Amino acid sequence: MTPTLFEIRHSASHVLAQAVLAMFPDAKLGIGPAIDDGFYYDFDLPRTLTPDDLAELESKMASIIAEGQEFSTYTLDRSATETHLAHENQPYKLEIVNDLNLDTYSFYKNGPFVDLCRGPHVRTTADIGAIKLLRVSGAYWRGSEKNKMLQRIYGTAYHTQGELDAYLTRIEEAAKRDHRVLGKELDLFSIQDDIGPGLILWHPKGARVRSIIEDYWRNAHFRAGYDVLYTPHVGRSNLWETSGHLSFYSENMYAKMSVDDVDYYAKPMNCPFHVKIVQNRQYSYRDLPLRLAELGTVYRYERSGVLHGLMRVRGFTQDDAHIVCTPDQVESEIADVLTLCFSMLDRFGFNKVKVFLSTRPKEKYVGDLDRWATSETALKNAIESAGLPYEIDDGGGAFYGPKIDIKIEDAIGRQWQCSTVQFDFNLPERFDMTYVGPDGQRHRPYMIHRALLGSIERFFGILIEHYEGKFPTWLAPVQIKLLSVGQDVVPFSREIQRRLLEQDIRVVVDSSDEKIGYKIRQGLNERVPYLGVIGKREIEAGTISVRGRDGDLGPLNVEQVVDLIRKA
RNA sequence: GCCGAUGUAGCUCAGUCGGUAGAGCAACUGAUUCGUAAUCAGUAGGUCACCGGUUCAAUUCCGGUCAUCGGCUCCA
């Protein structure tokens, strides 16, 4: 029987604990599970670990594995378990025993090491295969900041050294795509101390890509029947009191600013502004649905330790929209949102998606059960009629409504959640939104909050990593770079540039005094989709020698280049 | 925020067991006018993140601050 990766990794974590105990006999053990791509074990140790310790632990583990210690299991009743763990002086394990509250507990033993454990394990440590300790970090006991911080050692294990090496290579490949590295290298954006952590400066090339994304986004929304809004970055405290943000979201909001003795807050969300636009006049059922979209920049306080490049920031732009509709319209509106969503994700190169439906929380929720049922059914039907596989997170919805989250898969198989479609039963109540129905009475509309790309900043980061900086031609900040061979042809190159610019082609000229090989190299490093070499030969023929990402395309005239780039 | 690591030229990094620093690339100047992944030479460029302490002397040692990086969900 080949052991599973889970068994291998879980067993490896025991071996790690064994090695740690050999090094620190007083170590207190936390938990040591197998995880998605490896394993970890948490320890309470007399001193902090260094990278050198990892190397030592790793070789200690290797020798334990080489010994081929057999795993065996036995159970003890609760009191025997407690006596044993108290004798071993393992307070964290005792806490686990207490929490699990069982009659009997199982133990696994290999060589001198015994651990309270559910199992299963491999037959002997020799079955563990190849291991590697990756890093050491702090982790709160049971994930709570109120508890003591333990030292967590992460590692991974595979059946063979070859598989382990392949994993490590994948990590290196992913590192090469890091949007923070490429963002600097390609001069797309920066984050600077003088501006503030988590605040993004979009440089010309990044801003160009963003403007293309936004143009596409706006047009797609107009075509789908949306209207576009702009709203301010700050709003009075009254607004946030009414919306409830000051009571349930204040820890994520920037501190208030006072102007003329009135308090204002930077917006953490766009919703209240959109609601106020809707309320600025009275709508009848004939006017619905309203589809109001905004590329709205919001500011949220994120704890300093969680900021990460473009992925987790303090100021970002949501591609936000709110749909206000009647009960009858809910289902088709949701279906249309999904259609727009998938076509947009597809346009950006993401065609593998996963859908997650989150339903009403068991305890805390607002809105009557009727609305929850209607909405959950609408979400479910929309997913099913789109023919998509999905998972249900029962009780995983927000307190204000059920939602769909959509995850996309990037070029190296990583998943990212960008799109979200959420019902909101809270704000219509708080703001007392109404529309006049056919009966002449006021009715409460349904409000659907949705974002397709999520945050433009984050989505840009995902795009950079997905394409490894090699944006498809329609998104590339520079679509073609003209490389002159010698100074004599610079005027001709400028003329070609002018003609391409007239056709809305994003084109630059490298007229530097360098050899053509050097310019090619530069162009490739900049990940420009097309390079056009212009020398005496081209002047005579009136062409450009074009080189695409997949190789030489030969001599083309201006019209052919325009055609090539427009079709790409 | 917490744990750990890191912060030296625009970038990537070396270095100083305490005596104010160096390379490659980039930039600039000059030469070269070149045909598909790096032409040659020269010049310039640093408060060694910031603030404080110890010391005759701190980039180096100590403390603090700021920022960045890896983690802080995966339940015996």
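This is a predicted model, so every value here is computed, not measured. Lettering of chains follows the sequences in order, A, B, ..., and the numbering in each one begins at 1.
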Compare side-chain N and O positions of Y40(A) against OP1 and OP2 of C74(B) and report whether any pair is under 4.0 Å apart.
yes
Charged N-O contact under 4.0 Å between R47(A) and D53(A):
yes
Show, in sequence, the C-alpha distance, side-chain angles and deciding distance for E540(A) and K536(A), and conclude whether the salt bridge (charged side-chain N to carboxylate O under 4.0 Å, His left out) test is met.
CA-CA 6 Å; E540(A) 280 163 29; K536(A) 291 200 177 72; over 6 Å; no
So side chain to side chain donor-acceptor pair (under 3.5 Å) across residues 11-24 of chain A, not counting sequence neighbours, yields S11(A)-H121(A), H14(A)-H121(A), Q18(A)-Q69(A), Q18(A)-N110(A)
I need the single residue from L564(A), I505(A), V528(A) that forms a side chain to side chain contact (heavy atoms under 4.5 Å, CB included) with Q479(A). Which is it?
I505(A)
More 5' along RNA chain B: I96(A) or G309(A), using each one's nearest nucleotide?
G309(A)
Please list, chain by chain and in numerical order, all residues satisfying side chain to side chain contact (heavy atoms under 4.5 Å, CB included) with E514(A), sequence neighbours excluded.
S512(A), Y518(A), K519(A)
Taking atom P of U68(B) as reference, at what distance in whole Å does atom CZ of F189(A) sit?
12 Å
Pairing string, 5' to 3', for RNA chain B - Watson-Crick or wobble contacts under 3.5 Å, brackets [ ] where pairs cross, | to another strand
(((((((..((((.....[..)))).(((((.......))))).....(((((..]....))))))))))))....
Any donor-acceptor pair, under 3.5 Å, between the side chain of Y140(A) and the base of G1(B), if you only look at N and O atoms?
yes
Nearest to the side chain of Y518(A), heavy atoms from C-beta on, is which of G35(B), U68(B), A38(B)?
A38(B)
Roughly how many Å is it from CG in D187(A) to P in A27(B), rounded to a whole number?
13 Å
Under-3.5 Å donor-acceptor pair between E251(A) side chain and G1(B) base:
no
